Chemist: 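Just dropping this structure here.
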There are 2 protein chains.
Amino acid sequence: MTSSLRTGVRPRTGVRPTMKDVAAAAGVGLKTVSRVVNGESGVRDGTAERVREAIEALGFRRNDSARLLRTGRTASVALVLEDISDPFSSALSRAVEQVAAAEGCLLFTGSSGERADRERELALAFCARRVDGLIVVPAGDDHRYLLPEIASGTPVVFLDRPAGGIDADAVLSDNAGGARRGTAHLIAHGHRRIGFVGDLRAIHTAAERERGYRAAMAEAGLPVDDRWVDCGPTDRARVGEAVRRLTAGPDAVTALFTANNRVTLAALHHLPAERRPAVVGFDDLELADLLTPGLTVVAQDPAALGALAARRLFARLAGDVGAPACLEVPTTLIPRGSGEIRS
Amino acid sequence: MTSSLRTGVRPRTGVRPTMKDVAAAAGVGLKTVSRVVNGESGVRDGTAERVREAIEALGFRRNDSARLLRTGRTASVALVLEDISDPFSSALSRAVEQVAAAEGCLLFTGSSGERADRERELALAFCARRVDGLIVVPAGDDHRYLLPEIASGTPVVFLDRPAGGIDADAVLSDNAGGARRGTAHLIAHGHRRIGFVGDLRAIHTAAERERGYRAAMAEAGLPVDDRWVDCGPTDRARVGEAVRRLTAGPDAVTALFTANNRVTLAALHHLPAERRPAVVGFDDLELADLLTPGLTVVAQDPAALGALAARRLFARLAGDVGAPACLEVPTTLIPRGSGEIRS
C-alpha cells in the first residue's frame with residue numbers, strides 16, 4: 001500500500017519508529033526523548049528542538065493505548081444503540097459524541113439490531129476494552145450481566161429505555177405523556193374512534209406510549225376497543241396490514257396514533273385515499289412539514305437525550321456517587337395538518 | 001453508584017478481580033487460570049469447572065486492551081465521518097460496522113463537521129490508539145499527515161471523497177455520472193434553462209456533480225448561463241435565496257438540479273407555488289415518495305459504499321499489497337414525479 005506514495009517518502013513499512021530511534025537520531029538519551037514527548041520540563045531548548053525534529057523526520061507517534069493503559073483510563077466511552085442508521089439513533093450518537101469530545105474522549109458505537117444477545121456481546125466487548133464508561137440503549141430487559149463492570153468502576157447510563165434487573169441511571173423521553181397529549185389532540189378534534197399502531201409491547205417505550213394513549217382515552221371517558229390497538233414489528237407489511245384493517249369497513253377508526261418513526265413512515269404509505277383518517281405520529285420525520293397535509297407529530301429531542309446521558313456519565317466518572325436517577329426529557333406536539341383533520 | 005444495587009451483591013467498588021483472585025478462590029495455580037481463560041488445553045474438566053465458577057462468582061473479565069496490545073492488534077477500526085447525524089453518514093457507518101463486526105472488530109466513529117483540522121485531530125487520535133485500520137470521509141484536501149501511519153502499517157481507505165496529496169484507496173459514488181444522468185433527464189422533459197444549486201465547490205463531490213451537470217448541458221448543445229449555477233453552504237437561508245433568485249422573473253429557470261440531500265431539503269421549502277419548476281435531487285430522502293409530486297432523485301447507495309470501503313480495509317489488513325485503487329459505486333435515477341414536470 002505504501003509502494004506508490006506520491007511524495008517520495010520511503011518509510012519502513014510495518015515498523016513504527018520507537019523512542020529509541022528518536023533518541024539515536026537526535027543523539028540524546030531515552031529519558032530526554034520521554035521528557036519532550038510528555039511535555040515535562042528539564043530539557044534545554046536546543047535539545048528539545050533536536051528531539052522534535054527527529055520525531056517529525058521519523059514520523060514517531062506516542063502510543064496512547066499503552067500510555068493510557070498505565071493511567072487506568074482509556075479516554076474512550078462506548079454507546080450501544082439499536083441501529084446507527086436510524087435517524088433517532090444517529091442523532092443520539094452525535095449528541096453523545098459532542099459531549100465526549102469536549103471531555104477529550106473518543107467514542108465507540110455499536111448497533112444491537114434490537115437483539116438482547118448482541119447488546120450484551122457489544123457492551124461486554126466495550127468493557128473488555130476498558131472503556132471509561134458505557135451508554136446503553138437496551139435491547140434486552142436483564143442487565144445484571146453488567147453488575148461486575150459497574151462494581152469494578154465502569155459507570156453505565158441507560159438511554160431511551162430503562163435498565164432491567166438493576167438500579168441504574170436512565171435518561172428517557174416522556175413517552176407516556178407525549179402519547180397522551182397526541183391522543184388528546186385527536187380527541188379535541190372530534191375523534192372518538194382512534195386506532196393505536198405501535199411497536200412490540202416488550203419494548204419499554206412502546207408500552208409507555210400505549211399507556212399514554214389509553215390514559216387519554218380514559219380521561220375523555222372513551223372506551224378502547226381492543227381491535228383498535230395493533231402492536232408488533234415495525235416492518236411495512238405488518239403496519240400496512242394493521243392500517244388497512246383499522247381504516248376499512250363500517251367500524252373504521254377516524255384517526256390513528258402511530259407510535260414511532262418507522263410505524264408512521266409505513267402507515268403513511270397505506271392510508272386510504274378516501275375518508276383519510278387524521279394522523280398523529282410519535283417522532284418527527286425530516287420532510288414531515290412538506291407532506292400534504294403536513295404531518296402532525298409528538299417530537300422527541302434526541303439531541304437533548306444523548307447530551308443528558310453523556311453528561312450523566314461524565315458526572316459519574318468525575319466522582320458523583322449519588323443514587324441512580326431516572327431523568328425525563330419532555331416531548332413537543334407539533335401540529336401541521338394531519339392531526340387537525342376533524343372526524 | 002453501586003450502593004443501591006437491587007440484587008444484594010456487594011462487589012468491591014472500583015477494584016477489578018484479577019486472575020490471582022480467581023486462582024485463590026478456585027484453589028489452583030495462576031497458570032491454570034490463564035489456560036482456562038485463554039481456552040488452552042491441559043486442564044482437567046473438574047478443575048476447569050472450578051475455575052469457571054470462580055470467574056463467574058467474582059465477575060472476573062479478561063482485559064482485552066492489555067491482551068490485544070501484546071498481540072500488536074487492537075481489533076478495532078475507526079471511521080471519521082462528516083456528521084454521524086446526517087442520514088448519508090449514518091448509513092455509511094452502519095455498513096462499515098457490519099463488516100467490522102463480521103471480522104470481530106469494534107468501531108470507533110467521529111464527526112469532523114466538515115472541518116479539516118477536526119478530521120486530522122480525530123484521525124490521529126484514532127491512530128494513537130492503534131486502531132488496526134482507518135476509514136476517512138475527508139473534510140480536508142491534504143492527507144500527507146497520515147503518511148507516517150500508513151508507513152508504519154495502518155491501512156487507510158478514503159470514502160465518499162478521495163485523499164489529497166497521497167495515493168490511497170478510495171471508494172466513491174459515480175458523482176459526475178449521476179449528475180449527468182439527472183440533468184439529461186430534465187433535458188429529455190423539454191427543459192433548456194436548468195439551474196444547479198450545489199454545495200461548496202471545494203468539496204470534491206460537489207465539484208464532480210457540477211461537472212456532470214455541465215457535461216449533460218454541453219452534450220445537448222445547451223449553453224449554461226453562469227447565473228444558473230449557485231454553489232455555497234447548504235444552510236436554508238443561502239439555498240432559499242438561490243432558489244428564489246433562480247425561479248423569479250422573466251429569465252427564471254424551468255428546472256432545478258439540487259446537488260445533495262441538504263440542498264434538496266432546503267430547496268423544497270422555497271419552491272414558488274406558481275410555475276413550479278421541475279426538480280431532480282442528488283441523494284434520496286426518506287419521505288421522497290410521499291411528497292406531491294413525488295421527488296425524483298439520483299440515489300446513492302451508502303450501504304454499498306460503506307461495505308466496499310470496509311472490505312477494502314480488511315483486505316489490506318489481510319495482506320493485500322496491490323497498488324491503491326479508486327473504486328466507484330453506481331448511482332440510480334428514481335423518477336417519482338418532480339423531475340417529470342415538463343417545461
Side-chain angles (χ1 to χ4, degrees), chain A residues 1-7 9 11-16 59 61-66 69 74 83-85 87 90-91 93-94 97 106-111 124-130 144 147-148 150-153 155 165-167 265 268-269 285-288 290-292 316 321 323-324, chain B residues 1-7 9 11-16 59 61-66 69 74 76 83-85 87 90-91 93-94 97 106-111 125-130 144 147-148 150-153 155 165-167 265 268-269 285-288 290-292 316 321 323-324:
Chain A
M1 189 168 180
T2 56
S3 57
S4 53
L5 295 168
R6 277 204 203 109
T7 53
V9 176
R12 297 166 307 154
T13 303
V15 182
R16 287 189 179 275
R61 298 227 192 277
R62 188 165 70 177
N63 183 341
D64 281 358
S65 273
L69 207 62
T74 58
D83 174 358
I84 187 74
S85 68
S90 63
S93 179
R94 183 70 207 263
E97 185 193 335
L106 294 176
L107 177 67
F108 278 110
T109 51
S111 304
L124 290 179
F126 290 135
C127 288
R129 301 313 182 72
R130 296 289 186 267
R144 284 174 299 177
L147 284 175
I150 296 170
S152 53
I166 65 173
D167 196 16
L265 198 59
L268 290 175
H269 283 94
L285 295 170
E286 201 166 44
L287 293 176
L290 289 174
L291 298 177
T292 314
R316 293 304 189 183
V321 292
Chain B
M1 191 170 177
T2 56
S3 55
S4 52
L5 295 169
R6 277 201 204 113
T7 53
V9 176
R12 297 165 307 155
T13 304
V15 182
R16 289 188 178 273
R61 298 227 192 276
R62 188 166 69 177
N63 183 343
D64 280 0
S65 271
L69 208 62
T74 59
S76 59
D83 174 358
I84 188 74
S85 68
S90 63
S93 181
R94 183 71 207 263
E97 185 192 336
L106 295 175
L107 177 66
F108 277 110
T109 51
S111 303
F126 291 135
C127 288
R129 301 309 183 73
R130 296 290 185 268
R144 284 175 298 178
L147 284 175
I150 297 169
S152 53
I166 66 173
D167 196 16
L265 198 60
L268 290 175
H269 284 93
L285 295 170
E286 202 165 44
L287 293 176
L290 289 172
L291 298 177
T292 314
R316 292 304 188 183
V321 292

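All figures in this text were calculated on a predicted structure; none of them were measured in a lab. Letters A, B, ... are given to chains in the order of the sequence lines, protein chains preceding strands, and every chain is numbered from 1.
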Chemist: I'd like to know if the side chain of Thr74(B) and the backbone of Arg130(B) have a donor-acceptor N/O pair within less than 3.5 Å.
Modeler: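 Confirmed, Thr74(B) side chain pairs with Arg130(B) backbone.
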Chemist: Does a side-chain heavy-atom distance below 4.5 Å link Ile150(B) with Ile166(B)?
Modeler: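 A side-chain contact under 4.5 Å exists here.
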Chemist: Heavy-atom distance under 4.5 Å between the side chains of Ser76(B) and Arg129(B), does that happen here?
Modeler: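 No - every pair of side-chain heavy atoms lies 4.5 Å or more apart.
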Chemist: Side chain, backbone, both or neither: which part of Glu97(B) has a non-hydrogen atom closer than 4.5 Å to chain A?
Modeler: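 The side chain, not the backbone.
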Chemist: Do you know which of Pro87(A), Ala91(A), Gly110(A) has the most heavy-atom pairs under 4.5 Å to chain B?
Modeler: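 When all of Pro87(A), Ala91(A), Gly110(A) are compared, Gly110(A) has the most.
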Chemist: What residue, out of Asp83(A), Thr109(A), Leu124(A), Leu106(A), has the most heavy-atom pairs lying under 4.5 Å from chain B?
Modeler: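 Ranked by heavy-atom pairs under 4.5 Å with chain B, first place is Leu106(A).
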Chemist: Between Ser111(B) and Ile84(B) (side chain of the first, backbone of the second, donor and acceptor by atom type, cut-off under 3.5 Å), is there such a pair?
Modeler: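 It does hold such a pair.
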